[in-house]
Novice: 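Quick one: structure below, then a few questions.
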Amino acid sequence: MKPHVLVCGGAGYIGAHMCKRLARAGVVPVTFDSLVTGHRNAVQWGPLEIGDLLHPGDLSAVFARYPIQSVLHFAARSLVGESVREPALYLRNNVTGTLNLLDAMRSAGVGKLVFSSTAAVYGNPLYTPIDEAHPAQPINPYGLSKWLAEQQIRAYCEAYGLRAVCLRYFNAAGADADGETGEAHEPETHLIPNIIRAALTPSLGPVKLFGNDYPTPDGTCVRDYIHVEDLAEAHLLALDYMAGQPGFHVFNLGTGQGNSVAEVLAQCQALCAGAPASEVQPRRPGDPATLVASAALAQAALGWTPRHGLDGILRSALRWHQGSGATAATARSTADR
Ligand code: UFG
């Protein structure tokens, strides 16, 4: 029988890429997703179980139905601005939801977990590139929720022998090389899809650049964009890593290369015949000036090396949006609800 891995949030952006990668590796990805923000038609590589992390009965039913060997946990609310307005939603979903998952894993005797964490746990960086020794000082409820979830996981590792890897992503971006899945958030708040949407649909108006007075070389924020396929690869390596390494582990996932908002825009414009136009807006609250990873630890421990740079990220994202997969995914998902 093929190995089975539970993918919580497998109908979401990163989770769906993960399912495709698992299937290619000969693993059955069992998606557990509420479809509140995920898309039914993103689940193409294994079974879909619709359920909610806040309903423990939904989880125990899935563990009873499939011979799950390990869990990848992507299911979370992930918008910083929304988390400031609705901290209860974030703490309940991301912290209590993770606790329910840990308890269900314990009851089912499943002992390996890879958790989607974020650079948001670091808050405003004290230095860059940011390594895992940097203090965790989240500045918004989203980052706090991920940090608290990590600490719960750590406690379960120490007390109950769980093995876990927390992967702190920097800026996830890009799409599947075959155009089968990609980013389809509604509303969309992220820079790269917003630029591409504005380039492909001029009626959306100019893309907004939030702040050009940051202490960076061109005044716009600098981020470390990491291809979603490179993220999926790191999760696969993390599963292997846990086979030989007990305990709790944390790794940053980024390229170590920072690009400013203005650079990303210029590179998109070069791919899109000069479009879109842009307009400078005031700073977006809560944006640190620079977030760049040191991923040396992931490279040394997991043997992970990102294969894609910004150009590959932008080209794959553009293909996905041109193929209208993004629009179709959003429309069908809205119809599902
Ligand atoms: N930006 C724009 N215009 C847009 C969208 C974004 O100028 O239309 C700017 C933002 O102000 C920021 C940069 O582009 O400077 C990147 O913004 P994104 O929204 O694409 O991504 P974030 O850097 O806000 O998000 C990342 C991770 C989150 C994490 C956060 C921590 O995706 O998981 O960093 O700050 F919480």
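Note that the numbering runs from 1 along the sequence shown for the chain. One-based numbering, in listed order, for ligands and for the atoms of each.
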Novice: Output a table of donor-acceptor pairs, distance under 3.5 Å, between side-chain atoms of residues 130-141 and any protein atom two or more places apart or on a different chain; print 'none' if there are none.
Specialist:
{"from": "Asp131", "atom 1": "OD1", "to": "Tyr127", "atom 2": "OH", "distance (Å)": "2.5"}
{"from": "Asp131", "atom 1": "OD1", "to": "Ala133", "atom 2": "N", "distance (Å)": "3.2"}
{"from": "Asp131", "atom 1": "OD1", "to": "His134", "atom 2": "N", "distance (Å)": "3.2"}
{"from": "Glu132", "atom 1": "OE2", "to": "Asn252", "atom 2": "N", "distance (Å)": "2.7"}
{"from": "His134", "atom 1": "NE2", "to": "Leu126", "atom 2": "N", "distance (Å)": "2.8"}
{"from": "Asn140", "atom 1": "OD1", "to": "Tyr142", "atom 2": "N", "distance (Å)": "3.3"}
{"from": "Asn140", "atom 1": "OD1", "to": "Gly143", "atom 2": "N", "distance (Å)": "2.8"}

Novice: So among Arg319, Arg21, Lys20, which one has a side-chain hydrogen bond (donor to acceptor under 3.5 Å, both in side chains) with Asp176?
Specialist: Lys20
Novice: Could Arg40 and Asp33 be called an ion pair, given the rule that one side-chain N must be under 4.0 Å from one carboxylate O?
Specialist: no
Novice: Using the test side chain to side chain donor-acceptor pair (under 3.5 Å), find all partners of Asn94 that sit at least two apart in sequence or belong to another chain.
Specialist: Ser145
Novice: Looking at residues at least two apart in the chain, or sitting in another chain, which of them share a ring-ring contact (aromatic ring centres under 6.0 Å, His included) with Tyr66?
Specialist: none
Novice: Test ring pair (Phe, Tyr, Trp, His ring centres under 6.0 Å) on His249 and Phe115 and set out the steps.
Specialist: CA-CA 10 Å; His249 309 271; Phe115 177 66; over 10 Å; no
Novice: Collect the protein residues that have a non-hydrogen atom under 4.0 Å from ligand 1 and hand them over in chain and number order.
Specialist: Val80, Thr118, Ala120, Tyr142, Asn171, Thr189, His190, Leu191, Asn194, Lys208, Leu209, Phe210, Cys221, Arg223, Tyr225, Val261, Arg284, Asp287, Pro288, Leu291
